[in-house]
Amino acid sequence: MATITVIGQGTAEFNGEFSLLEALDEQGFDMPYSCRGGNCGACEVKLISGEVELIQDPIYEPEQGHILTCSVIPVGDVEIELL
Ligand code: FES
């Protein structure tokens with residue numbers, strides 16, 4: 001289990017959901033997304049601290065220091081910030 005902190009919005013727990021996006025979505029966070037498949041970049045956020053692991057191979061390349069919430073899971077506690 002890992003804690004996900006969304007700067008300015010609060011915290012959520014990651015309990016083995018498919019993706020970081022799914023965990024936040026299920027816990028009532030209003031996260032941006034569109035394709036959920038790593039293609040569009042709509043779910044791009046800044047990774048402030050912690051590490052994530054890819055769960056699918058995205059076509060869209062996020063900026064350095066950014067992640068696609070639809071395409072990763074947290075490895076331990078993470079802090080993210082919406083763009
Ligand atoms: S929702 Fe499209 S890349 Fe994540």
Side-chain angles (χ1 to χ4, degrees):
M1 195 166 79
T3 300
I4 308 161
T5 302
V6 184
I7 302 284
Q9 290 201 33
T11 61
E13 294 300 328
F14 183 80
N15 295 307
E17 289 85 356
F18 174 71
S19 65
L20 189 54
L21 174 61
E22 193 175 293
L24 290 167
D25 213 18
E26 281 178 5
Q27 288 170 70
F29 284 75
D30 191 15
M31 300 301 291
Y33 69 88
S34 180
C35 71
R36 289 182 178 260
N39 300 315
C40 72
C43 67
E44 182 173 356
V45 299
K46 189 172 182 181
L47 181 63
I48 304 291
S49 67
E51 283 181 39
V52 296
E53 187 181 303
L54 278 175
I55 43 127
Q56 58 189 0
D57 196 12
I59 290 172
Y60 182 89
E61 259 193 52
E63 259 182 54
Q64 183 78 18
H66 291 185
I67 56 169
L68 300 174
T69 61
C70 75
S71 300
V72 299
I73 55 171
V75 182
D77 296 349
V78 293
E79 260 187 311
I80 61 172
E81 186 172 26
L82 297 186
L83 301 179

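- Atoms CD1 and CG, from I59 and D57 in turn, are 8.5 Å apart once rounded to the nearest 0.5 Å.
- Cluster partners of L83, using a side-chain heavy-atom cutoff of under 4.5 Å among ILVMFWY residues and allowing indirect links: none.
- The side-chain hydrogen bond (donor to acceptor under 3.5 Å, both in side chains) analysis of residues 40-54, with sequence neighbours excluded, yields the pairs E44-Y60, E44-H66, S49-E79.
- In this structure, Q56 and S71 approach most closely via the heavy-atom pair NE2-OG, 3.1 Å.
- The line from CG of L20 to CD1 of I67 is 5.0 Å long, rounded to the nearest 0.5 Å.
- One finds the CG atom of L68 at 10.0 Å from the CD1 atom of I55 (value rounded to the nearest 0.5 Å).
- Here the shortest heavy-atom pairing between C70 and F18 reads O-CE2, 4.4 Å.
- Qualifying side chain to side chain donor-acceptor pair (under 3.5 Å) partners for S19, counting only residues two or more places apart in sequence or in other chains: none.
- Annotation: the span from I80 atom CD1 to L24 atom CG amounts to 5.0 Å, rounded to 0.5 Å.
- With a 4.5 Å cut-off on side-chain heavy atoms, V52 and I73 do not count as touching.
- Among the candidates L21, V6, L82, the single residue satisfying the side-chain contact (heavy atoms from CB on, under 4.5 Å) test with V45 is L82.
- E26 meets the side-chain contact (heavy atoms from CB on, under 4.5 Å) test with E17, E22; sequence neighbours excluded.
- Residue pairs meeting the side-chain hydrogen bond (donor to acceptor under 3.5 Å, both in side chains) criterion with at least one partner in residues 28-39, sequence neighbours excluded, are D25-R36.
- Residue pairs that meet the side-chain hydrogen bond (donor to acceptor under 3.5 Å, both in side chains) test with at least one member in residues 2-13, sequence neighbours left out, are T3-E13.
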